[in-house]
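Here it is: the structure, laid out below.
Quantities reported herein were computed from a predicted structural model and do not represent experimental measurements. In each ligand, atom 1 is the first atom listed, and ligand 1 is the first ligand listed. We use all heavy atoms of the structure for the numbers below, so side chains are in, but hydrogens, waters and symmetry mates are not.
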Amino acid sequence: MRQIKIFDTTLRDGEQSPGCSMNLEEKIRVALRLQKLRVDIIEAGFACSSPGDFQSVQTIANTIKNCSVASLARCVPADIDAAWNALKGAVAPRIHVFLATSPTHMQYKLKMTEEQVLERAINMVQYAKKYCSDIEFSAEDAMRSDRDFLRRVTEAVIKAGATVVNIPDTVGYTTPDEMYAMIDYLLNNAEGAAKIDLAVHCHNDLGQATANSLAGVRAGANQIECTINGLGERAGNAPLEEVVMGIKTRPDAYNAYTNIDTTRIYKSSALVYNIIGQMVPINKPIIGKNAFAHESGIHQHGVLAHRETYEIMTPESVGIRKNTMVLGKHSGRHGFEARLKELGYELTKEDIDRYFEEFKKLCDKKKEVTDRDIEALVTQIDISESIYSLASFDVHTGNLATSTAVMRLNKNGDSFEEVALGDGPIDAAYRAIDKIVGAPPHRLENYVIQSVSEGKETLGKVMVKLSCEDEHGMKRAFNGHGLSTDIIEASILAYINAMNKLLGDL
Ligand code: KIV
Ligand code: ZN
């Protein structure tokens with residue numbers, strides 16, 4: 001069986017899409033998780049695009065030890081210089097240069113002829129090669145490019161030193177048959193293509209990203225570019241969890257394997273959703289709440305009689321544990337710690353102490369604490385420093401009354417109180433918080449509430465996204481999380497969490 005390398009671009013193609021931005025600390029958490037997941041390459045960002053991106057590529061390059069770290073660069077020397085400067089501390093650095101090869105992109109965007117594109121590609125691969133041995137060249141919009149021109153570009157960049165040639169379906173336009181034919185053609189006709197890594201990078205505009213990536217693998221591609229949860233421009237990129245489980249579940253179809261520790265997929269997905277402040281769609285393949293749920297009687301009966309009647313992979317294989325035992329207020333620190341270990345969390349003593357304190361508070365409100373509650377606790381509690389914390393709140397609301405909120409927040413040992421009216425209890429509470437912290441102009445971009453498990457005493461999980469403009473007029477987004485059996489408290493905690501990040505960053 002062939003090994004298929006997994007190139008994760010969550011921190012570049014994923015992070016650059018609207019609503020998915022992450023701060024440096026969040027990017028490092030994702031990169032460390034990707035390392036544990038055992039991806040082969042982490043694309044950490046686009047170093048030349050902003051000082052923030054440069055810093056995150058550099059920090060990730062200096063932190064990650066067990067996989068390659070890549071930075072994207074346009075085919076211009078300044079981009080390549082920045083990519084290298086950010087990457088040079090990496091154990092295995094990769095410069096990833098790209099240039100469009102489709103008639104539409106060359107004519108309208110680049111305003112370059114085929115010959116000019118060919119020459120630029122060769123020159124810039126050679127330029128990057130002076131810095132580092134591992135060079136990836138991406139032919140942007142490859143799947144709408146002329147096949148013979150793409151072959152010439154592929155041959156030329158391989159001769160110039162490219163170790164990986166990537167064939168992106170940039171606009172999500174292609175079909176599995178076309179992808180198969182293109183990879184097959186290049187492997188058989190582009191000199192040198194069989195000796196380097198040929199990659200596919202598929203966008204999901206027509207919902208074909210997974211199918212197209214796997215068609216590329218069947219034709220002989222040996223690197224898939226993908227993102228956790230399929231984050232990415234427009235409809236996203238190929239989801240890592242789908243392509244990896246596709247290959248694992250159907251070795252007969254692909255005759256291939258990846259290095260991914262699939263039992264870490266679920267947690268990696270939860271971490272990324274949590275950081276970007278989005279809920280997991282319930283029917284999302286592999287990781288959605290319903291992905292392994294069998295509701296209809298016929299299905300339940302089938303699975304009970306023989307699991308494989310309706311289950312093609314086990315929840316355990318992607319890191320989802322079926323609830324075994326619940327914990328409660330009589331559970332001690334030992335039992336709690338043991339459960340965290342079983343759930344796959346490797347935490348410091350200080351973290352466990354903190355989570356245990358929250359667990360105990362939860363036990364006072366909820367009789368049975370399930371694995372889902374514990375996972376929510378661990379992923380919700382923010383490790384970043386907070387400026388303000390909640391002391392108390394008093395909210396009054398009714399359908400015939402104007403909602404009022406009295407909020408008290410603590411900061412550095414002092415306590416601050418404000419009252420506000422609002423269009424509902426959450427609005428009133430948020431307005432009172434804004435008064436206390438002297439909030440700069442901002443927008444509440446998103447507010448989502450979800451129950452963690454079933455039943456009336458379940459935990460409510462709230463995610464809010466605030467946005468504002470920084471001093472350069474750039475839009476910045478800040479996600480906050482809150483968890484409580486009281487949804488107003490969860491909403492307040494989420495808002496304070498996001499506001500702390502906003503205040504700390506501006
Ligand atoms: O979609 C695309 O073409 C890209 C390239 C920069 C690799 O993201
Ligand atoms: Zn892309």
> Identify the closest protein heavy atom to atom 7 (C) of ligand 1: which residue and atom is it, and at what distance?
Replying inline: Ser138 OG, 3.6 Å
> Between Glu115 and Arg152, is the closest basic N to carboxylate O distance under 4.0 Å?
Replying inline: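 Salt bridge: yes.
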> Going by the order shown, which atoms of ligand 1 are within less than 4.0 Å of some heavy atom of Phe98?
Replying inline: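 Those of ligand 1 that fall under 4.0 Å from Phe98 are 6 (C).
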> Does any N/O atom on Asp13 come nearer than 3.5 Å to any N/O atom on ligand 1?
Replying inline: yes
> What residue and atom, counting heavy atoms only, is the protein's closest point to atom 1 (O) of ligand 1, and at what distance?
Replying inline: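 That would be His203 NE2, 3.0 Å.
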>> Is the contact between Glu136 and ligand 1 made by the side chain, the backbone, both, or neither, using heavy atoms and a 4.0 Å cut-off?
In response: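 Contact part for Glu136 vs ligand 1: neither.
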>> Tell me whether the Zn ion (ligand 2) has Asp13 as a neighbour, meaning an N, O or S atom of it below 2.8 Å.
In response: yes
>> As a quick check of understanding, evaluate side-chain hydrogen bond (donor to acceptor under 3.5 Å, both in side chains) for Tyr447 and Ser491, giving each step before the final call.
In response: CA-CA 9 Å; Tyr447 169 94; Ser491 305; 2.8 Å; yes
> How far is atom 3 (O) of ligand 1 from its nearest protein heavy atom, and which residue and atom is that?
Replying inline: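 I find the closest protein heavy atom is Thr170 OG1, 2.6 Å.
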> Charged N to carboxylate O below 4.0 Å: is that the case for Lys27 and Asp53?
Replying inline: yes
>> Please determine whether a side-chain nitrogen of the Lys or Arg among Glu225 and Arg12 lies less than 4.0 Å from a carboxylate oxygen of the Asp or Glu.
In response: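 So Glu225 does not pair with Arg12 through a salt bridge.
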> With ring centroids as reference points, do His442 and Phe478 lie under 6.0 angstrom apart?
Replying inline: no
>> Can you confirm whether the side chains of Tyr495 and Asp434 place a donor and an acceptor under 3.5 Å from each other?
In response: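 Yes, a side-chain donor-acceptor pair sits under 3.5 Å.
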> If you measure from the Lys or Arg side-chain nitrogens to the Asp or Glu carboxylate oxygens, is any gap between Glu346 and Lys267 under 4.0 Å?
Replying inline: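 Salt bridge between Glu346 and Lys267, a charged N being under 4.0 Å from a carboxylate O: no.
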> So do the side chains of His105 and Arg144 get within less than 4.5 Å of each other, counting heavy atoms only?
Replying inline: yes
> atom 6 (C) of ligand 1: which of Glu140, His96, Arg12 has the nearest heavy atom?
Replying inline: Arg12
>> Tell me whether ligand 1 is touched by Glu233 - counting only heavy atoms on the residue side and a distance under 4.0 Å.
In response: no
>> Give me the nearest non-hydrogen protein atom to atom 4 (C) of ligand 1 as residue plus atom name, then the distance to 0.1 Å.
In response: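 Here the nearest protein heavy atom works out to His201 NE2, 3.5 Å.
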>> For the Zn ion (ligand 2), give me the closest N/O/S atom belonging to His201, just the atom name.
In response: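 Per the distance ranking, His201 contributes NE2 as its closest N/O/S atom to the Zn ion (ligand 2).
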